[in-house]
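Heavy atoms only: backbone and side chains are in, while hydrogens, waters and symmetry mates are out.
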Amino acid sequence: MPKRTRAGTLLALAVTGLTLGATLAAPAEAAAPKAPGFLKAADLPPHPSSAWTAGKVTAGVPEAVEQDRCLSMALGGHGSGTWYREFRTDLDTSARQISVRSSTTAAAKGRFARLDKDVKSCAARIEKADPETEARLKDYGALRVEEGAHVYGLHTVTSRGASDVRLLSVGRDGKTVTVVDWGQLGGFRDAPVKAFRKTTVTAVNKLH
């Protein structure tokens, strides 16, 4: 009887040891990366007749950005360390913020430079891809916020008469780059440039 008790105790200890060993050997799950700070609906240029609604901050890159001629080369297919948030009104105005956190400051600088270059040249690429669309870019200048930001306007008119205007800004704070993209029907005179510049400053300041 004492021998059985001793054997049972040893077996229990052995099982416990194996379980503990397996627990210690199992790698700890990597915590999901935390998203940078994002704009809220109230941070966007006020719409004269409709309130903004903000979607959730979501990891990855939306399909619309993957196909966008201004942003896809620098952001398309880059899901790791990327988040976005969609905004909409009840009318024809919408917006989006996309943020990318790089592993190094140098990589973030490179992405900022690439995005800035791509936005500057996207009007020409739009016309080349679709000769029936006229595209014009306006440079609304740099903003002094954190490591910098730049604001652009893009107006497109199709052969069918559709007229759309976008405001695009690229900003950086440390290892994080953000893009704010606002758009609606209309032309440059319909774009709230002053308010959008303020929105861009808020977006960069909120990253960290």
Practice prompt. Measure the spacing between NZ of Lys128 and OG1 of Thr133 and express it to the nearest 0.5 Å.
Written response: 15.5 Å
Fill in: Sequence-distant partners of Lys109, side-chain contact (heavy atoms from CB on, under 4.5 Å), two or more places apart
Thr105, Arg172
Response to the item:
OG1 of Thr178 to CG of Leu115, rounded to nearest 0.5 Å, is 10.0 Å
Discussion item. Run the salt bridge (Lys or Arg N to Asp or Glu O under 4.0 Å) test against Lys120 and tell me which residues pass, sequence neighbours left out.
Written reply: Asp116
Worksheet item: In Å, rounded to the nearest 0.5 Å, how long is the span from CZ of Arg136 to CG of Leu154?
Response: 11.0 Å
Discussion item. List the residues meeting side-chain contact (heavy atoms from CB on, under 4.5 Å) with Asp68, not counting sequence neighbours, and say none if there are none.
Written reply: Cys70, Leu71, Arg166
Discussion item. Membership question, hydrophobic clusters at under 4.5 Å side-chain separation (ILVMFWY): are Trp52 and Val201 in the same one?
Written reply: yes
Worksheet item: Under 3.5 Å, is there a donor-acceptor pair between the side chain of Ser102 and the main chain of Thr104?
Response: no
Discussion item. Are the side chains of Asp130 and Thr158 in contact, using a 4.5 Å heavy-atom criterion?
Written reply: no
Discussion item. Other residues, nucleotides and ligands only: do more than 12 of their heavy atoms fall within 6.0 Å of CD on Glu134?
Written reply: no
Discussion item. Could you see if Val100 belongs to whatever hydrophobic cluster contains Leu207? Use Ile, Leu, Val, Met, Phe, Trp, Tyr and a side-chain cutoff under 4.5 Å.
Written reply: no
Worksheet item: Within a strict 4.5 Å, meaning less than it, do heavy atoms of the Val65 and Tyr84 side chains meet?
Response: no
Worksheet, complete the sentence: Sorted by chain and residue number, the side-chain hydrogen bond (donor to acceptor under 3.5 Å, both in side chains) partners of Ser163 (sequence neighbours excluded) come out as His155
Practice prompt. Starting at OG1 of Thr89, measure out to NE2 of His47 and round the result to the nearest 0.5 Å.
Written response: 4.5 Å
Response to the item:
Heavy-atom closest pair (Tyr140 atom, Leu167 atom, distance to 0.1 Å) is CE1-CD2, 3.8 Å
Worksheet item: Of all heavy-atom pairs between Gly174 and Ala108, which one has the smallest distance, and what is that distance?
Response: O-CB, 3.5 Å
Discussion item. Are the side chains of Thr199 and Leu39 in contact, using a 4.5 Å heavy-atom criterion?
Written reply: yes
Worksheet entry | Check: Ala106 main-chain N/O paired with Arg111 side-chain donor or acceptor under 3.5 Å | no
Practice prompt. Find the distance between OG (Ser72) and CD (Glu63) and round it off to the nearest 0.5 Å.
Written response: 12.5 Å
Item to complete: Could you list the residues that satisfy side-chain hydrogen bond (donor to acceptor under 3.5 Å, both in side chains) with Ser121, not counting sequence neighbours?
Response: Arg125
Item to complete: Provide the full list of salt bridge (charged side-chain N to carboxylate O under 4.0 Å, His left out) pairs with a residue in residues 39-62, sequence neighbours left out, each pair given once.
Response: Asp43-Lys206
Worksheet item: Side chains of Arg101 and Pro36: does their closest heavy-atom pair fall under 4.5 Å?
Response: yes
Worksheet item: Is Val145 reachable from Phe196 through a run of hydrophobic residues whose side-chain heavy atoms are each under 4.5 Å from the next?
Response: yes
Item to complete: May I ask you to decide if Pro62's main-chain N or O and Arg96's side chain share a donor-acceptor pair within less than 3.5 Å?
Response: no
Worksheet item: Does Val165 belong to the same Ile/Leu/Val/Met/Phe/Trp/Tyr cluster as Leu168, with side-chain heavy atoms less than 4.5 Å apart forming each link?
Response: no
Discussion item. Do Val204 and Phe112 land in one hydrophobic cluster if side-chain heavy atoms of ILVMFWY residues count as linked below 4.5 Å?
Written reply: no
Discussion item. Using a 6.0 Å cut-off, check whether atom CD of Gln67 has over 12 heavy atoms from anything other than its own residue.
Written reply: yes
Discussion item. Tell me every residue that passes side-chain hydrogen bond (donor to acceptor under 3.5 Å, both in side chains) with Thr202, counting only those two or more places apart in sequence or in another chain.
Written reply: none
Practice prompt. Compare every heavy atom of Ala142 with every heavy atom of Arg197, then report the nearest pair and how far apart it is.
Written response: NH2-O, 3.8 Å
Discussion item. Using every non-hydrogen atom in the two residues, find where Ala135 and Ala123 come nearest and quote the distance to one decimal.
Written reply: CB-O, 3.6 Å
Worksheet entry | Test item: Thr82 and Ile98 side chains (from C-beta on) under 4.5 Å apart, heavy atoms | yes
Item to complete: Might you point out which heavy atoms bring Ser169 and Val151 nearest each other, and give the distance in Å?
Response: CB-CG2, 3.9 Å
Fill in: Counterpart residues, salt bridge (Lys or Arg N to Asp or Glu O under 4.0 Å), relative to Asp90 (two or more places apart)
Arg88
Discussion item. For Arg114, give me all partners under salt bridge (Lys or Arg N to Asp or Glu O under 4.0 Å), at least two apart in sequence or on another chain.
Written reply: Asp118
Worksheet item: Residues two or more places apart in sequence or in another chain: which of them pass side-chain contact (heavy atoms from CB on, under 4.5 Å) with Leu185?
Response: Asp92, Asp164
Worksheet item: Of all residues at least two apart in sequence or in a different chain, which pass the side-chain contact (heavy atoms from CB on, under 4.5 Å) check with Val57?
Response: Ala35, Phe38, Trp83, Arg85
Worksheet item: Which distance, rounded to the nearest 0.5 Å, do you find between the CH2 of Trp182 and the CZ of Phe87?
Response: 14.5 Å
Practice prompt. Please lay out, stage by stage, how Gln97 and Val179 fare under the test side chain to side chain contact (heavy atoms under 4.5 Å, CB included).
Written response: CA-CA 6 Å; Gln97 183 183 4; Val179 174; over 6 Å; no
Discussion item. If the condition is ring-ring contact (aromatic ring centres under 6.0 Å, His included), which residues does Tyr152 pass it with, not counting sequence neighbours?
Written reply: His150
